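Here is how names work: the chains are called A, B, and so on, in the same order as the sequence lines, proteins then strands, and each is numbered from 1. Please read all numbers here as calculations on a predicted model, not as lab measurements. The figures here come from the full heavy-atom set of this structure, side chains too, leaving out hydrogens, waters and symmetry mates.
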Number of protein chains: 2
Amino acid sequence: MDERKKQVLHAIITDYIETAEPVGSRAVAKKSGLGVSPATIRNEMSDLEELGYIEQPHTSAGRKPSDKGYRYYVDYLMQKEQLAPFEAEFIRQSLSEHFSEMDLLMQRCCQMISRLTNYTALVALNTQQHKVIESVRLVSLNERQLLLVAVLKGGEVKNRLIRLRESVNPDQLLSLERFLRQNLTGADVGKLELTVLNELLAAFSQQQSVLRRSLELFNDFFAPHLGERFFSYGTHNMLSQPEFKDYDKLKSIIGALEEDDVLRSLLENKAADGKTSVAIGKELGEEDMQECSIVTAPYDMGNDAQGVIGLIGPTRMSYQKAVPLLEFMAQILSELHRKD
Amino acid sequence: MDERKKQVLHAIITDYIETAEPVGSRAVAKKSGLGVSPATIRNEMSDLEELGYIEQPHTSAGRKPSDKGYRYYVDYLMQKEQLAPFEAEFIRQSLSEHFSEMDLLMQRCCQMISRLTNYTALVALNTQQHKVIESVRLVSLNERQLLLVAVLKGGEVKNRLIRLRESVNPDQLLSLERFLRQNLTGADVGKLELTVLNELLAAFSQQQSVLRRSLELFNDFFAPHLGERFFSYGTHNMLSQPEFKDYDKLKSIIGALEEDDVLRSLLENKAADGKTSVAIGKELGEEDMQECSIVTAPYDMGNDAQGVIGLIGPTRMSYQKAVPLLEFMAQILSELHRKD
DNA sequence: TGTTAGCACTCAAGTAGCTAGAGTGCTAAC
DNA sequence: GTTAGCACTCTAGCTACTTGAGTGCTAACA
């Protein structure tokens, strides 16, 4: 892979990303600025094809990048495009507005990603991992209402109102609260299984119904699925991509993006190394998405939330725009936390 | 509009709903069971066209229903299809599982509607209208943490943790709690404007920072937009409809369905009379959706939530299936509440 | 040895012309 | 009022043809 081959590959990829048309030797000769004739370029292209970086849709067409070609481009050739100052400012502004409501914040992220790139945005939000219960309180609001409160390390609060059929005396209440505190303080919400709670429930089933009821309610406000959420926005952008002009293809992609299961499998493990990551075509491992690429960046808002922001588009994607954008946004999100 | 015309119209519409192809006189003659010849049917069809109930795509094609035709069908001709017992049971089961988590419940609704009909489901959820604050409490968790709690009539609880920079003495706390209780008890959360809260804030700005901070935080957990949510599912079903094989049309529809604003305008005011409602084609008032119909049914889960479930598909929609399905689901949702 | 011009060859996409078939409207007979 | 018959219309699908982009190969050149 000498220098000239790299330049040829680079020219082919950038041209193809722009036009979605196979690139011919003539166009490369002009665009690459190498000062050689199309015939020479043809030889290089023939080599590149043999090496697997580009491919020919049919004999008399130009070349287009293969997954391997994009991979090489992303890893070695691509020059990240700097964010326009107004874009950076816009992102910073929009994100700071919604800091306290995670759902809104993530919806906003999706909209921004999608609008700034014209691809489809994907976001995973985990609000419950490594959330340790710091304290448990059982507060009497009035004779017939108890409030069960769990404060998590980091400040989030979970609670549930419990309506009583009969009133309880303060002593009962105190012993109950003590019991809960002993059994739940220090527990990790993300790992609190229903079984654990059920065991607790069973162990104290001889006690009066008040307790049983409170534990039953604990069950579903700690349920693990509540901590993990997925957002997406901009699916309609898929329709503008010439590579998805096949209805069945499109249908299976759009259908898949509506399923949390699929989003989970696309985004999971992407936060592992803390770096922006690019998955191209078959690398995604999804049958229906062999012509898609996904770019993801993990963010960490401390105890409030961690997760991944990302986008999905055709493999012919403007990686040089997508990568720095997501990097920047993830950084801003992570910083939001520290400011607080 | 004599009896025979009605039968002809009915035959045309049911056939067209099934096949999406213009219906010819021969087909109607056979299918309607009127025992007259195609020529006779042709005369009737000519009349129906003049009356505006059906239209001809081009001279040598059959007829297809107009918006007016569908309207007549829905209002007078349609026979609601009874839900299959297993469908009813399935719905009942699925909905009872998720009763306590509104978001999940509504997502489930969407999935069911979409899967049982192969159209796109839309749901509006309002959890905050007519929610009156029953009591306000300010609970000290420890020296540096206060918990601000508002209990709403009906049992929902809203709260926010407040971290203090300096500790407060119990007297300050009590007077603060009293102040909040006096000013907020009985207020309607849905109508609590930022301005009101800001006035409160201003009025007490001379007090110590603890108070100010607590009020600031009140602001965003009562913000009205949080009470209104929209869900959709099954957008990919739009792709299977032959009427949407134009990419631009499809793109604008799918794009629109991703916007809360659009969903709001499509679903609002549909709960007014408490009945299932059908909006056909141009009746929707949306430029891009002239070839779509929406069926909606309001539900009322008391203080927990009210809203609208619905679905959107082509005007050539199986109304006789969609209407009873939504009616049934809305009824189940409303009953879920009463059971509790 | 690498580069280039020239040329024959290939293939997709677009265009024009044709045909088949479905369906109509009209007329005249029943 | 109903029906059969018939001429007419229009679309969808098919075939054949043309165009043009792009290639690979060869032979000449620096």
Side-chain angles (χ1 to χ4, degrees), chain A residues 1-9 11-16 18-66 69 242-243 245-247, chain B residues 1-9 11-16 18-66 69 242-243 245-247:
Chain A
M1 197 72 166
D2 59 34
E3 192 52 38
R4 195 166 69 183
K5 278 196 180 41
K6 287 184 191 173
Q7 286 191 46
V8 171
L9 181 58
I12 291 173
I13 292 181
T14 51
D15 193 280
Y16 188 75
E18 206 179 314
T19 64
E21 298 290 333
V23 189
S25 53
R26 239 182 91 83
V28 175
K30 270 188 189 163
K31 188 165 176 172
S32 69
L34 282 169
V36 295
S37 77
T40 311
I41 300 292
R42 278 207 284 283
N43 290 328
E44 297 288 18
M45 284 168 82
S46 189
D47 291 351
L48 282 170
E49 182 163 16
E50 213 163 317
L51 292 167
Y53 293 111
I54 57 179
E55 52 199 23
Q56 212 170 4
H58 56 87
T59 334
S60 73
R63 305 303 209 293
K64 52 175 251 190
S66 64
E243 34 268 275
K245 59 179 193 281
D246 177 57
Y247 272 84
Chain B
M1 197 74 166
D2 59 34
E3 194 52 38
R4 195 167 68 184
K5 276 195 182 43
K6 288 183 191 174
Q7 287 190 46
V8 171
L9 182 57
I12 292 173
I13 292 181
T14 51
D15 192 280
Y16 188 74
E18 205 179 313
T19 64
E21 299 289 333
V23 189
S25 52
R26 242 182 87 83
V28 174
K30 272 190 190 162
K31 188 165 176 172
S32 70
L34 282 170
V36 294
S37 77
T40 311
I41 300 292
R42 278 207 284 283
N43 291 328
E44 297 287 19
M45 285 168 82
S46 189
D47 291 350
L48 282 170
E49 180 162 18
E50 214 164 316
L51 291 167
Y53 293 111
I54 55 179
E55 51 199 24
Q56 212 171 4
H58 56 87
T59 334
S60 71
R63 305 303 210 293
K64 51 174 253 191
S66 64
E243 34 268 276
K245 58 179 194 281
D246 178 57
Y247 271 84

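One interatomic measurement links the two molecules: CD of B:E55 to P of C:dT24, which rounds to 15 Å at whole-angstrom precision. Counting to the nearest Å, the C1' atom of C:dG23 and the NZ atom of B:K64 are 16 Å from each other. For the pair A:N43 CG and D:dC25 P, the interatomic distance rounds to 10 Å; values are reported in whole Å. If you measure from atom CZ of B:R42 to atom C1' of D:dT3, you get 10 Å, rounded to the nearest angstrom. Taking atom CE of residue A:M45 and atom C1' of nucleotide D:dT23, one finds them 9 Å apart after rounding to whole Å. For B:L34 and D:dT3, the CG to C1' distance is 15 Å, given to the nearest whole Å. Computed from coordinates, the A:R63 CZ to D:dT23 C1' distance equals 7 Å when rounded to whole Å. The interatomic distance linking B:K30 (NZ) with C:dG23 (C1') rounds to 14 Å, in whole Å.
Looking at every heavy atom in both residues, A:P22 comes nearest to A:Y16 through N-CE1, 3.8 Å.
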Apply side chain to side chain contact (heavy atoms under 4.5 Å, CB included) to B:Y53 and B:M1, showing your working. CA-CA 11 Å; B:Y53 293 111; B:M1 197 74 166; 3.9 Å; yes
Audit row: B:V36, B:E44, side chain to side chain contact (heavy atoms under 4.5 Å, CB included) steps and yes/no: CA-CA 11 Å; B:V36 294; B:E44 297 287 19; over 6 Å; no
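Of the candidates C:dG25, D:dA4, D:dG24, C:dG25 carries the atom nearest the B:Q56 side chain, counting heavy atoms from C-beta on. You'll find that the side chain of A:S37 is closest to C:dA5, out of C:dA5, C:dT24, D:dG24. The side chain of B:S60 sits closest to C:dA22 out of C:dT4, C:dA22, D:dT23. For A:R4, the listed nucleotide lying nearest its side chain is C:dT3; candidates were D:dT3, C:dT3, D:dT23.
Figure legend. C:dA29 is base-paired to D:dT2; pairs are counted as Watson-Crick or G-U wobble with both atom distances under 3.5 Å. Pair check for C:dG2 finds D:dC29; Watson-Crick or G-U wobble, both atom distances under 3.5 Å. Base-pair partner of D:dG22: C:dC9 (Watson-Crick or G-U wobble, both distances under 3.5 Å).
One finds no side-chain N or O of A:T59 lying less than 4.0 angstrom from the OP1 or OP2 phosphate oxygen of D:dG24.
Taking the nucleotide of DNA chain D with the nearest heavy atom to each of A:R26 and B:H58, the more 5' of the two is matched to B:H58.
Side-chain N or O atoms of A:E55 include none that pairs as donor or acceptor with a backbone N or O of A:K64 at under 3.5 Å. A donor-acceptor distance shorter than 3.5 angstrom exists from the side chain of A:S66 to the backbone of A:G52, with no hydrogens or angles considered.
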